[in-house]
Amino acid sequence: MNRFLLLLAFGPAVTPTPTEAMVPMSFQVPTEDAVTVEHPEGLAAVEALEFPPLAFAPPEALEYEVSGVHVFHLEDPSLPLVDVQLFLRGGISNFPRDRLGTISALPYALRNGGTIALPPDSVDRRIDLLALQVGVGQGGGGISLSLNALTHRIDAGLELLQEMLLEPRFDPEVVEVWRIRELERLRRREDNPGSLAFSEFNRLMYGDHPIGWVLAEDDLAPDRLSREAFRESHAEILCRDRLIVGISGDLTWDQAEERILRFLEPWPECEHELPKPPRPELREDRGVFVLPKALDQSTIVMAGPSGIQQGDTQEYFASRVANYLLGGRGFNSRILARIRTEEGLTYGAASVWTTPRRSDGIAGAFTATRADRTIQVARLLLEILGDFRTSPPQQQEVDEAVEEIANGYVFAFESPAQIVSRRMVFRAQGLPDGWLERYLEGLREVTAEDVRTAVRDHLHPEHMTILIVGDPDQLDSGLATLGPVFELTAEGEFHPPVDPGSDPDAGPRSPR
């Protein structure tokens, strides 16, 4: 608002007479008996405004137990709609490598593969006829499913969803469509350098562990995707003990409970406990791995073990603030401000600091840049990470970061379905009730000393694994200064390191 508008909005409340109104305001002279009232003007008026503190009290999903299943419910009668969400614990990490194909394809086959009574096209027509939205996905250690329906169609929708999940057809033609699509994705995998870099980096860091697995042609062999193989994986995951349910929208709890009881009635009990994911052994040796790709731009990913897990600990909360300041704050983060704003060497760059629930994460950074600036940018990233250890943030910077993070959490309550989904995720991860509130409290307790300690103890740029996806013939000089150099193949194999005594300023063909 400019000064003129501010004066109109907050200036003296004078109501001129018809005669006075014809005279420009700057020439009006108060009469002797006029009363002068002092009013703040302009910016002073704006700064003088006072507002009561905002009271943010989001609705809370309530937890129940129905037939031994955890159910979260939140009523919202504002629209005649109901959202049902299911989470089934059991994913790639819980099974051996020879099941990778069927576990990866299972969500697609459940949604698109028809039922014993209905072929795939009939299921789709039924979904359209009932005006349903049905979604199936995978992640977070399990399979997630969602159903959105008009209130008067929710019974029919739940009946159809129940049939799709418990009586799947696993239509061979649908499975073949998925298989061919994944084979094509595998053939075109190298066309996306960013995605390729992260999958290859995971394979480097985690080795023969589900986090590092990548679908290969052997996993997509027809005999590994037979109907019998699908039924075996289906029986392992789609049983009652693996299930968490959420329901929100235009149903009271009494109405919702009645429908959930009917929905759960035919679900079988699980025959045994879900196998626990293997604990990963992260790569700790320093090394530089070059995956040759004839591109004018290189992708750089670097990280090392961090040793921090998600939990109610001071170092966990401090790591979240540290990651935000280092590379999660956009243009104000240290990495992007230095590499893009000051040096103009990249369009985007950020930190990566993972904190899994039951295993150690990794900490580092990633970016993409011109091929002939690759080594310069890699050195700069390492320098920034090192500076973050020696010049940690001050308390004011930490307080500002915490406030920004906390303010962003208002968007975590945009819909009842979102609120219910978050409670389900917390339950699946084994986090305590009220974790979101505890998370925000934990962030507000973080001090600059906490961040300094977390960075000093868990961020080690001198021991990082560095992956470069790019053209070795275009790289700038000095590759060997980053560490022992290996050439990585598309199959995940790498050659022995270059002679450590080689010239550190060797040319771009060093990895060869």
Side-chain angles (χ1 to χ4, degrees), residues 61 64-77 79-90 105-138 142-171 174-175 227 230-231 233-270 415-417 420-421 424:
Y64 302 89
E65 188 172 309
V66 180
S67 299
V69 175
H70 293 285
V71 180
F72 296 92
H73 172 257
L74 179 57
E75 183 181 0
D76 176 26
L79 291 172
L81 293 171
V82 178
D83 284 289
V84 177
Q85 301 174 74
L86 309 178
F87 185 82
L88 285 155
R89 285 170 290 208
L106 189 56
Y108 182 88
L110 290 172
R111 169 59 186 87
N112 301 286
T115 71
I116 293 176
L118 297 173
D121 57 347
S122 295
V123 171
D124 288 338
R125 282 197 292 269
R126 181 74 174 152
I127 288 174
D128 291 342
L129 180 65
L130 294 172
L132 306 176
Q133 289 183 343
V134 179
V136 183
Q138 193 169 52
I143 296 174
S144 57
L145 306 102
S146 63
L147 168 69
N148 175 271
L150 292 164
T151 306
H152 69 282
R153 297 279 177 80
I154 188 61
D155 292 329
L158 283 171
E159 183 178 347
L160 178 61
L161 182 63
Q162 182 187 79
E163 186 179 348
M164 292 169 65
L165 298 180
L166 299 184
E167 301 175 10
R169 177 185 291 248
F170 296 126
D171 186 271
V174 170
V175 172
R227 184 172 281 169
F230 272 103
R231 294 203 183 284
S233 295
H234 175 270
E236 293 273 10
I237 295 177
L238 276 90
C239 50
R240 188 175 300 189
D241 299 345
R242 312 273 194 260
L243 186 61
I244 301 174
V245 177
I247 185 164
S248 58
D250 188 27
L251 290 178
T252 66
W253 170 242
D254 289 340
Q255 294 169 330
E257 183 181 25
E258 175 187 349
R259 288 161 172 81
I260 295 300
L261 275 168
R262 286 201 304 269
F263 179 77
L264 293 177
E265 184 177 359
W267 281 69
E269 298 288 342
C270 299
S415 70
V420 168
S421 175
M424 295 170 64

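Note that the coordinates shown come from a computational prediction; the quantities given were computed from them, not determined experimentally.
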Are the side chain of Glu167 and the backbone N or O of Ile116 linked by a donor-acceptor pair below 3.5 Å?
-> no

Going through the checks in order, is the side-chain contact (heavy atoms from CB on, under 4.5 Å) test met by Trp267 and Leu243?
-> CA-CA 10 Å; Trp267 281 69; Leu243 186 61; 4.2 Å; yes

CD of Gln255: more than 12 outside heavy atoms within 6.0 angstrom?
-> yes

Heavy-atom side-chain proximity of Gln133 to Ser146 below 4.5 angstrom = no

Sequence neighbours excluded, the answer for ring-ring contact (aromatic ring centres under 6.0 Å, His included) partners of His234 is Phe170

Using a 4.5 Å cut-off on heavy atoms from C-beta on, say whether the side chain of Ile244 contacts that of Val69.
-> no

Taken in chain and number order and not counting sequence neighbours, the residues that satisfy salt bridge (charged side-chain N to carboxylate O under 4.0 Å, His left out) with Arg262 are Asp155, Glu258

State whether the side chain of Arg169 and the backbone N or O of Thr115 hold a donor-acceptor pair below 3.5 Å, judged by distance alone.
-> yes

Would you call Val175 and Phe230 a side-chain contact if the rule is heavy atoms closer than 4.5 Å?
-> yes

Under 3.5 Å: donor-acceptor pair, side chain of Arg153, backbone of Leu81 = no

The residue among Val134, Leu145, Leu158, Asn148 that forms side-chain contact (heavy atoms from CB on, under 4.5 Å) with Val84 is Leu158

Judged by atom type as modelled, is there a donor-acceptor pair below 3.5 Å linking the side chain of Gln85 to the main-chain atoms of Val420?
-> no

Any sub-3.5 Å donor-acceptor pair from His73's side-chain atoms to Leu251's backbone N or O?
-> yes

Student check: side-chain heavy atoms of Val245 and Val66 closer than 4.5 Å | no

side-chain contact (heavy atoms from CB on, under 4.5 Å) evaluation trace for Val136 with Ile143 = CA-CA 7 Å; Val136 183; Ile143 296 174; 4.1 Å; yes

Asp76 vs Asp250 side-chain heavy atoms within contact, under 4.5 Å | no

Distance-only, no hydrogens or angles: does the Arg240 side chain make a donor-acceptor pair with backbone N or O of Glu269 under 3.5 Å?
-> no

Looking at residues at least two apart in the chain, or sitting in another chain, which of them share a salt bridge (charged side-chain N to carboxylate O under 4.0 Å, His left out) with Asp254?
-> none

State whether the number of non-hydrogen atoms from other residues, nucleotides or ligands found under 6.0 Å of Glu65 atom CD is greater than 12.
-> yes

Minimal non-hydrogen separation, Ile154 against Arg259, with atom names | CG2-NE, 3.7 Å

Is the backbone of Glu236 close enough, under 3.5 Å, to the side chain of Arg242 for a donor and an acceptor to pair up by distance?
-> yes

Worked check of salt bridge (Lys or Arg N to Asp or Glu O under 4.0 Å) between Arg126 and Asp121 = CA-CA 9 Å; Arg126 181 74 174 152; Asp121 57 347; over 6 Å; no

